[in-house]
Amino acid sequence: MEKACFIEKITQDGEIILDFETEYPTKTGCPQADDYFLRFARSFLKKAKKAGAKRAREKYVDSAREGKKFVPFVMRQTFEYYEFDGIISVFTCRYIFFGGLNGYTACYGDSFGQKSGKPLRLRELFSADPRKAAITEITKQIKKDRETNPCYYDGAERLAARCFKRENFYITPKSLRIFYPQYSIGPHCAGVPCFSVRYDKLPERQCSMENGQLIIDK
């Protein structure tokens, strides 16, 4: 795998008004995954050049008119990449700052069979739906985290079950990782909550890829 990047500095009157950078994986050994991540990065770049630039210019003009300092907008994409047992799994985060006190981070999980190029759903990776077991472990982690990290809403354990979405996952050699949208179970200080659930905590058995086919580990 190699890391590719799009960088764009959008200016107004010689001043940077939008700082854009997106990283994405390429040369993964899976043409379908390479094409997907390239298109995903290009769509973010298109958003920056159109909607992002438009909003930045409007804010820049308003700030100049009001005699206020303009803080450049930021759009940035980073990723984590995992490759094992014939599976590619990528965790992508997009940070957007369009003024104000805080920016916003949106994250995405995408997994592919490296040989087949098939996008993999959570249910396909296990011999049974891992939702219940995953939520049980996530609830335990939230309760433990409260001892040192107060950045959860009251009732976060219930929200974790209610807001659980099967597409919000990625996998590593050691664990299934479930993440939640920002503000879904905690305020801004919670960031994008992400929980690691070890495979030995899941009653279902992990699947791997062999000759492009999903194989249940025996």
Side-chain angles (χ1 to χ4, degrees), residues 1-61 63 70-84 87-114 117-122 165-173 175-184 186 188-196:
M1 188 276 295
E2 294 183 7
K3 181 189 294 185
C5 187
F6 291 133
I7 297 176
E8 199 74 35
K9 307 286 185 181
I10 297 175
T11 63
Q12 181 84 11
D13 300 329
E15 182 177 343
I16 294 175
I17 59 172
L18 194 156
D19 187 358
F20 174 88
E21 183 174 348
T22 180
E23 300 174 346
Y24 62 97
T26 186
K27 297 183 180 180
T28 64
C30 176
Q32 295 90 335
D34 289 349
D35 179 66
Y36 170 82
F37 292 118
L38 174 60
R39 287 186 287 107
F40 194 53
R42 282 176 172 169
S43 71
F44 196 39
L45 177 60
K46 182 178 180 181
K47 180 178 180 180
K49 287 184 173 180
K50 292 188 175 182
K54 182 176 182 294
R55 290 185 61 176
R57 289 192 177 97
E58 290 172 350
K59 183 65 175 179
Y60 176 83
V61 171
S63 297
F70 173 76
V71 179
F73 286 11
V74 176
M75 297 177 71
R76 190 155 290 136
Q77 175 176 298
T78 58
F79 70 91
E80 295 177 18
Y81 179 89
Y82 301 91
E83 179 183 321
F84 63 101
I87 294 173
I88 293 169
S89 195
V90 178
F91 179 54
T92 304
C93 289
R94 287 178 170 177
Y95 172 76
I96 297 176
F97 174 77
F98 282 174
L101 293 176
N102 300 304
Y104 177 79
T105 301
C107 295
Y108 308 85
D110 298 284
S111 299
F112 294 84
Q114 192 170 28
K118 177 185 177 183
L120 302 176
R121 296 177 297 176
L122 180 61
K165 293 186 178 180
R166 287 177 174 80
E167 63 268 28
N168 289 349
F169 82 95
Y170 62 106
I171 56 175
T172 76
S175 66
L176 165 68
R177 297 192 179 170
I178 301 293
F179 59 92
Y180 289 85
Q182 197 169 14
Y183 302 111
S184 60
H188 179 79
C189 63
V192 176
C194 186
F195 302 91
S196 295

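Keep in mind the model is a prediction, meaning the values are calculated, not measured.
The shortest non-hydrogen separation linking Ala48 to Leu18 is O-CD1, 4.0 Å. When all heavy atoms are compared, the tightest approach of Gln182 to Gly191 is CG-O, 3.5 Å. Tyr82 and Ile171 make their closest contact through CB-O, 3.6 Å (heavy atoms, listed as atom of the first residue, atom of the second, distance). In this structure, Thr11 and Arg57 approach most closely via the heavy-atom pair O-NH2, 4.2 Å. Pairing each heavy atom of Ile17 with each of Ala53, the nearest pair is CD1-O, 4.4 Å. Closest approach of Arg177 to Ser196, counting heavy atoms only: NE-OG, 3.2 Å.
In summary, the aromatic rings of Phe70 and Phe73 are positioned with their centroids under 6.0 Å apart. Ring pair Phe37/Tyr24: centre-to-centre distance not below 6.0 Å.
Legend: residues meeting side chain to side chain donor-acceptor pair (under 3.5 Å) with Arg55, ordered by chain and number and at least two apart, are absent. Under the side-chain contact (heavy atoms from CB on, under 4.5 Å) criterion, Arg121 pairs with Glu124, not counting sequence neighbours. For the side-chain contact (heavy atoms from CB on, under 4.5 Å) test, residues two or more places apart in sequence or in another chain that qualify with Lys9 are Ile7, Ile16, Asp19. Contacts of Tyr183 classified as side-chain contact (heavy atoms from CB on, under 4.5 Å), with partners at least two apart in sequence or in another chain: Tyr104, Tyr153, His188. Remark: Phe20 pairs with Phe44 by the ring-ring contact (aromatic ring centres under 6.0 Å, His included) rule, at least two apart or across chains. Qualifying side chain to side chain donor-acceptor pair (under 3.5 Å) partners for Lys54, counting only residues two or more places apart in sequence or in other chains: Glu58. With sequence neighbours left out, Ser184 forms a side-chain contact (heavy atoms from CB on, under 4.5 Å) with Cys163, Tyr180, Pro181. Every residue two or more places apart in sequence or in another chain that forms a ring-ring contact (aromatic ring centres under 6.0 Å, His included) with Phe179 is listed here: Phe91. Taking Glu2 as the reference, Lys27 meet the salt bridge (charged side-chain N to carboxylate O under 4.0 Å, His left out) condition, with sequence neighbours excluded. For the ring-ring contact (aromatic ring centres under 6.0 Å, His included) test, no residue two or more places apart in sequence or in another chain qualifies with Tyr81. The ring-ring contact (aromatic ring centres under 6.0 Å, His included) test applied to Phe97 returns no partner, not counting sequence neighbours.
Thr22 has its side chain out of reach of Phe79: every pair of non-hydrogen atoms, C-beta onward, lies at least 4.5 Å apart. Counting heavy atoms from C-beta on, the side chains of Val192 and Cys93 never come closer than 4.5 Å. Using a 4.5 Å heavy-atom threshold, the side chains of Arg94 and Phe40 count as touching.
Taking CD of Glu23 as the reference point, atom OG1 of Thr92 lies at 10.5 Å (rounded to 0.5 Å). Here the CG atom belonging to Asp110 is positioned 11.0 Å from the CD1 atom belonging to Ile88, to the nearest 0.5 angstrom.
A donor-acceptor pair under 3.5 Å is absent between the side-chain atoms of Gln114 and the main chain of Ile87, judged by distance alone.
Applying the side chain to side chain donor-acceptor pair (under 3.5 Å) test to pairs two or more places apart or on separate chains, those with a residue in residues 38-47 are Asp35-Arg39.
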Output, in order, the C-alpha distance, side-chain angles, deciding distance and verdict of side-chain contact (heavy atoms from CB on, under 4.5 Å) for Phe112 and Thr28.
-> CA-CA 10 Å; Phe112 294 84; Thr28 64; over 6 Å; no
Determine, stepwise, if the pair Tyr108 / Glu167 fulfils side-chain contact (heavy atoms from CB on, under 4.5 Å).
-> CA-CA 8 Å; Tyr108 308 85; Glu167 63 268 28; over 6 Å; no
Check against side-chain contact (heavy atoms from CB on, under 4.5 Å), Tyr170 and Cys194 | CA-CA 10 Å; Tyr170 62 106; Cys194 186; 3.7 Å; yes
